[in-house]
Each structure stands twice: as structure tokens, then as C-alpha cells.
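Some notes on the structure that comes next.
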2 protein chains.
Amino acid sequence: MAVTIRDVARASGVHISTVSRTFSAPHLVNPNTRSRVLAHAEELGYRPNRAARALITGRTYNIGLIVADIANPFFPPLIKAAESQARKHDHHIFVADTNEDAALEEEVVRALAKQVDGVLLVSPRMSNTLIERLSREVPLVVVNRQIAGIPAVVMDVARGARTAVEHLTALGHRHLALLGGPRGSWTSREIRRSAAATARAAGAELTIIGPNAPTEFGGLTVAQDVLRAGATAVLAYNDLMAIGLIEGLMAAGAGVPADVSVVGIDDIMLSRLTRPKLTTVATPTAAAGRAAVDMLLAHGDDRRTTAHIHLQTELVIRDSTGRGPGPHSPADPGDVNAPEGVAS
Amino acid sequence: MAVTIRDVARASGVHISTVSRTFSAPHLVNPNTRSRVLAHAEELGYRPNRAARALITGRTYNIGLIVADIANPFFPPLIKAAESQARKHDHHIFVADTNEDAALEEEVVRALAKQVDGVLLVSPRMSNTLIERLSREVPLVVVNRQIAGIPAVVMDVARGARTAVEHLTALGHRHLALLGGPRGSWTSREIRRSAAATARAAGAELTIIGPNAPTEFGGLTVAQDVLRAGATAVLAYNDLMAIGLIEGLMAAGAGVPADVSVVGIDDIMLSRLTRPKLTTVATPTAAAGRAAVDMLLAHGDDRRTTAHIHLQTELVIRDSTGRGPGPHSPADPGDVNAPEGVAS
DNA sequence: ATGAAAGCGCTAACAC
DNA sequence: GTGTTAGCGCTTTCAT
């Protein structure tokens, strides 16, 4: 076994509790003793065993972070930001990937519960009821889900969807399609609700297609459905689906944006690199990761206050959207010929 | 605090050691007692505290996984595979991102050492010496680095680089450029060594450009250097750099592959989606993640056996490479006009 | 097959 | 300011 507090105590000629205090309450120990202990600790390569410490204090200095699919480019920037923010507060992050499986989410939260100070549930697929139950077993912060009594960081995708639909109707599109996300996704429901309301207000038709897998393949496979429905513009649940859809449309001989306009959501790095460059609703993923960590650490023991943080989204207009068959509004916020623009 | 072994013991009317045995050595306890204990445990929602267990057994059932940059699309599939493989063995994964910072790598390994059974060091940037030293403090498995005495999983990028260079010279390119990776990268050195030897054997000139940041931006910024050097074909350290380079070349008015051919390494998802589709050396990242976990768990305590696992790479020919100015070899393995081909 | 007791590495009262 | 003691939740001898 490695070097323990006892070794340091022996080397320094003090009791182990003094060594303990040197690390966990330095102000309680005589400066001379402290520096002596520190010196010996350094020399022996001593590091307090966090697990042992946690057994008493109840604080592990670990955070669990659960995502549906690490390989989905939406998540890594969020994970990275969370990890970096956690490290600032001397915490480590356990990352778990649940393969878009709601049942696995529960299992993983339970498995992690004892060795973390709290869990970040990002875009969970499980039910509200279950989340509420789990939040009684371990402090939870949810990202992209609103539940009364559960601290949350949510991106305002409803507003994003509205802006996107308005962009499309302003371009003269009268028949839109919405590619829904996976079952259990709160974000997907929000988008749907908002897109439907906005389309109705603009007098445009909206065909809902889905639920779909939130992947490139999920988008690719519904290209035919979009064409069959006769939609000239599509809002997809996320960029990956949008990119897959564009591939599928082009393979079917439809031009983007000549025949069909496509808007994604997320603004993953990829969306600037595919051709045509994707018009999309940018979501502040890194900010969400940081905010979620801050919330979890702030809440700590105080489980009463339950804030919900709302993060803004914004439409980034690129090359995958263009004029529709109908008259386009003179109030069109996006100049389609400009190389890149942002409308919020 | 949550429900402990004591609560279960009380409810079942047995001593805590019997409850302990029920979970850690079931065969030592009477079947009747066992099922009674299990029933009460289930009812109370008892879960053994792994940290407490680890204090005695020395096994945490946790694995550390350290990568340079989670946001680099090369890593997520590896992390995902490792996480999934770890879960099969009832282990959890701590993921840490070191921001391409060699010093931070050391710090993170030390911080994690006590709470994991071992650490997976993926594409480390630190020195061999340091890795050797750390491996005495905690079991280590290194991915993409060869060090005597340290268990490793390496992808055969040397062979991949050779195949890529041969592909380019066969197409008639006489002046190649190599975009080097970050300082401290073993992979980068391997690629360089192999590309240089292969180019020399083919009588082609090779200009080395770098080290560079292993990002899209890293590639974008050296487009001018490539053109100035007069190279007509480029092998980049990874796909991200290759894609950035293509952007930079096109912005400078050079056609790809018309004027310059570009080959990447990794075959990240992105490389099929950009235009032109990227010719690249595919690396088996998921397999590497699984193998690394298996190695770590197999080695366990037995630190003597030190296997090195080699994983093959293969050239995937897409649309970013084409004929060079020189005579192209009749033995050209890749038919440039075919939509997609694999040459190993 | 089960209980008793010691102890993993550490912190947290409580004395002095 | 420092030592003493008890104990976090659990496993592991050693008895019985």
C-alpha cells in the first residue's frame, strides 16, 4: 500500500491528527509544525486518500456526469467544460454513457450515487417521476429538462425553434417538416411545441416526422418521408440529423437549399464544415456544463433552493436555407446571400 | 446518511459480517439466510459502499481515463468503448481532459491514483521517464505510445503513414509535405519517421511542417506554408488538421485534389461528411479502448507481464487525393475514380 | 454457518 | 496547539 497519514506522522514526530489538520484545517496548526509536516509529506509523496476522507465527511469531491452518447458531438464540449469547471473546485468527474437507454440511466445513477457528491443528468431520457425519486437519493442537477423542485440548466430551444421557423416562413416556405428527436427527450417536446405554435401563427403547414434516432443515420433515413410529405423546409432535432437528412436529400436528387431548406439545432463544429454549411440554432453547451457544475456545488447540502437557469440560443444562418415557393416576407431577418449571419 | 450494512443486519436479525458475506462471498452463507438478507437489502434499497470496501480490499472498481482533449472527435469513440467495456466488468470510468498539457497529465494521474485501480493514458504528451515513474505509483496502460515495461495498446500508424505516402507517390506526387502533430506525441514521431523513410525510398521530397496543434485551426493556419513549399500532396497528423488544411487551401484558391492532395489520419466521422470526402488512415479507436480496459483489468496485480498490443490501420481512399504532376505508377493501388476504396 | 473483533485511512469531537 | 479516542462502512481473520 501507498504512504499514509501514519507514515507522515511518524516521520514528522507528531500525532496523525496533526497531520490530518495540516491538510484539512491548516489554520489550526502551528506554522512551524505545519511546514515540517508538509515537508515530510512532500518528501514521502503523501496524498490524502479521498475515499477514506469521504467516509467521514460525506464529501467525495467527485461528480457524476451522465450523457446519452459521448460520441454525439453535442456532448463533448459540455463534458469538457464541466470537467474543467469541476477541476477548478478540486472535483473529479465520472463520465457515463447510457447509449440512449433510459433504463441504463437509472442503473448508472444508482451505481454512482455513493461515490459522488452529486450527479449531472444531461438530456435525460428517463421519466420525470424517476428523476424526482432519484433526486431523493443523490443531489441531482438536470440539463435540458424542466422539473419542479429539481435544479436545472436549460437551453431555450423553444425560442430557438421559433426563430428558426420564423426564418423559414419569412423565406416563403409554406409547408415545413419537423424531424423529432428520441423518445423521452424534453428538448424534442419543447421544439415540437414551439415549432407547431409558430408555424400555426404564420399560417404554414407543419408535418411532424419521428421520433427519430438523434444521429446522422436518423436523418438520412427520413429523407424520403420529407420529400413525400411535400415539405420545402425542415427543422431537425439536432445538427447530426440535419446533416444526415441533407445527405439523404441530395442522394435522392433534391438540392439543398434549392429544393429543400434545412435547419439544425446545436451548432456542433461539424455544421460549419459540411457543404452546404448548415443553418442552425446554436446552443451554449459549454456554458451549460459550467453552470451545471456550479449549481451542483453551490447547492451542496442546501437542497431547498432550486434554481432553474435558462441559457439563450441563437439562430446562425449559413447556406442550407434559401427562398421557398411562397412570397417571402420583406421583414426576413436573414440576408440569405450574406456569408454568415446571426439572428436571435 | 443512506442505508448501511448495519441496517440490513438489524432488519435480517444477523450480524453485519453475515450481510457482508452475502454480498462478497455468497457461497459462505446458508442459502436461507442469504435469501433473507438479500430480500431485506432489496427492500431497504441497500447498496454496498464501494469506497468503504476499497479501503480494505484495495480495489476501487474504478478506472481513470486521461485524454488530451475530449472535444477532439478522435477520443469520444475510444472513451465510449472503454466505458462500455468497463461496465461489463462492473467498473466505472473517471474521464479527465488535460487540454493538451503535459504537466496537467501528471497532476491528474496523481490526483486519480488513489481512487482507481489503474489509469488509461491515451496519447499522452508527457515524457517516457515520467510515465515510467508514475507507473510505479499506479497501474498504467498506455495507448499510442511504446515504452519498455509499460503495458500498451498501439495503433500501427507507421504502417498507415507508409501506405498513405505510397498511395501519394503512386499517384505521381514528387513533393510531399507532412503536417506534424503536437510536441510530445509518440504517434507524431512514428508518422514522421515512417513517412520520411517511405518518401526517401520512393525518391520523393518531403517537407516537414510543424509541430502543430492537432486541431482544425492547426491545419488551417499552415495552408500557406504548404503552398509556399510547393508540395502537391500532404499527409496530416490527423483528420481535423487535414480538414482545416483543405479549408485553408481552398480559401487560398487551391483546389483539392486538383492542385493539392490531402490525406488525414484517424477516419473520424467527420471525414466522410466534409467535401471533398477525406482520404484517410483509419485507426481502430473503439478496439483500442476495449483492449486497454481489458489489459488493465487482466494485469490487475500481476505487474510483471507487460504485453504490447498492436492494432492495424488501413487507408481509406476517398475524394481528397488525386493525380500528381509526375508519372503515376501503374501499380497505383487506389482507383481514384472509384467512390470509396480501402487499401491496407 | 455465523459472530466477535480488529482495522483499512482518515476526521472530528473532546481533553489537556 | 496537539494528543486521545471513537468511528465512518466495510472486509477479514479468528473463534465457536
Side-chain angles (χ1 to χ4, degrees), chain A residues 1-38 40-41 44-62 90 111-117 137-138 301, chain B residues 1-38 40-41 44-62 90 111-117 137-138 301:
Chain A
M1 267 292 162
V3 30
T4 81
I5 202 173
R6 234 171 293 272
D7 301 318
V8 179
R10 203 171 305 128
S12 319
V14 297
H15 194 265
I16 61 162
S17 53
T18 300
V19 178
S20 171
R21 278 188 280 258
T22 303
F23 286 93
S24 42
H27 58 280
L28 292 181
V29 45
N30 182 302
N32 297 321
T33 322
R34 193 196 312 159
S35 53
R36 194 152 43 87
V37 170
L38 249 19
H40 285 283
L44 296 174
Y46 169 74
R47 290 229 164 195
N49 182 322
R50 286 177 173 224
R53 178 181 282 180
L55 215 47
I56 296 185
T57 63
R59 294 212 57 183
T60 63
Y61 283 81
N62 291 151
D90 197 25
L112 244 34
K114 291 287 202 349
Q115 29 192 346
V116 299
D117 294 339
E137 300 177 28
V138 56
D301 5 53
Chain B
M1 267 292 161
V3 30
T4 80
I5 201 172
R6 235 171 292 272
D7 301 316
V8 180
R10 203 172 304 126
S12 318
V14 297
H15 194 265
I16 61 161
S17 51
T18 300
V19 177
S20 172
R21 278 188 280 258
T22 303
F23 287 93
S24 41
H27 58 281
L28 292 180
V29 46
N30 183 302
N32 297 320
T33 321
R34 193 196 311 159
S35 53
R36 195 153 42 86
V37 170
L38 250 19
H40 285 283
L44 296 174
Y46 169 74
R47 289 227 165 197
N49 182 322
R50 285 176 173 223
R53 180 180 279 180
L55 215 47
I56 296 184
T57 63
R59 293 212 57 184
T60 62
Y61 283 81
N62 291 152
D90 198 25
L112 243 34
K114 290 287 200 349
Q115 30 191 345
V116 298
D117 294 339
E137 300 177 26
V138 55
D301 3 55

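Keep in mind that the numbers below use all heavy atoms, side chains included, and drop hydrogens, waters and symmetry copies. Order of the sequence lines sets the chain letters (A, B, ...), proteins ahead of strands, with each chain counted from 1.
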Sorted by chain and number, sequence neighbours left out, salt bridge (Lys or Arg N to Asp or Glu O under 4.0 Å) with A/R6 holds for none
Please classify the nucleic acid contact of B/V19 as base, sugar-phosphate, or nothing, using heavy-atom distances under 4.0 Å. nothing
My understanding is that only residues two or more places apart in sequence, or in another chain, count here; which of them pass side-chain contact (heavy atoms from CB on, under 4.5 Å) with [X]?
X: A/I5; result: A/I16, A/V19, A/S20, A/Y46
X: B/R47; result: A/E107, A/R110, A/A111, A/K114
X: A/A11; result: A/H40, A/L44

Starting at [atom1] of [X] and ending at [atom2] of [N], how long is that distance when rounded to a whole Å?
X: B/R59; N: D/dC10; atom1: CZ; atom2: C1'; value: 16 Å
X: B/L55; N: C/dC8; atom1: CG; atom2: P; value: 9 Å
X: B/Y61; N: D/dT11; atom1: OH; atom2: P; value: 10 Å
X: B/I56; N: C/dC8; atom1: CD1; atom2: C1'; value: 5 Å
X: A/K114; N: D/dG9; atom1: NZ; atom2: P; value: 10 Å
X: B/R53; N: D/dT12; atom1: CZ; atom2: P; value: 9 Å
X: B/R34; N: C/dA1; atom1: CZ; atom2: P; value: 10 Å
X: B/H15; N: C/dG3; atom1: NE2; atom2: C1'; value: 5 Å

Would you name the heavy atoms of A/P26 and A/T22 that are closest together and state the gap between them?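 Residues A/P26 and A/T22, closest heavy atoms: CG-O, 3.5 Å.
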Measure across A/V3 and A/G45 and return the closest heavy-atom pair with its distance rounded to 0.1 Å.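 Where A/V3 meets A/G45 most closely, the heavy atoms are CG1-O, 3.7 Å.
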Just by distance, do the side chain of A/S35 and the backbone of A/P31 share a donor-acceptor pair under 3.5 Å?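 The answer is yes, because a donor-acceptor pair under 3.5 Å joins these two groups.
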B/T60: which residues meet the side-chain hydrogen bond (donor to acceptor under 3.5 Å, both in side chains) condition with it, sequence neighbours left out? B/D117
Got a sec, which pairs hit salt bridge (Lys or Arg N to Asp or Glu O under 4.0 Å) with one end in residues 48-57 of chain A, sequence neighbours left out? A/R50-A/D90
Contacts satisfying salt bridge (Lys or Arg N to Asp or Glu O under 4.0 Å) that involve residues 23-37 of chain B (not counting sequence neighbours) are none
Tell me which residues in residues 5-13 of chain B lie within less than 4.0 Å of DNA chain D, going by non-hydrogen atoms. B/I5, B/R6
Got a sec? Which of residues 21-28 of chain B come in under 4.0 Å of DNA chain D, heavy atoms? B/R21, B/S24
Overall bend of the helix from C/dA1-D/dT16 to C/dC16-D/dG1 (five pairs an end, 10° steps) is 40°
Is there a side-chain contact between B/S17 and the phosphate of D/dC10, meaning an N or O under 4.0 Å from OP1 or OP2? no
Does the side chain of A/S20 get closer than 4.0 angstrom to OP1 or OP2 of C/dT11 through an N or O atom?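 Yes, such a contact exists.
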More than 12 heavy atoms of other residues, nucleotides or ligands under 6.0 Å from OH of A/Y61: is that the case? no
Using heavy-atom distances to pick each residue's nearest nucleotide on DNA chain D, tell me which of B/A51 and A/T18 is more 5'.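 Its nucleotide being nearer the 5' end, the pick is A/T18.
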Report yes if some heavy atom in the side chain of B/N49 is under 4.5 Å from a heavy atom in the side chain of A/L55; otherwise report no. yes
Starting from the 5' end of DNA chain C, give me the residue, B/I16 or B/A52, whose nearest nucleotide shows up first. B/I16
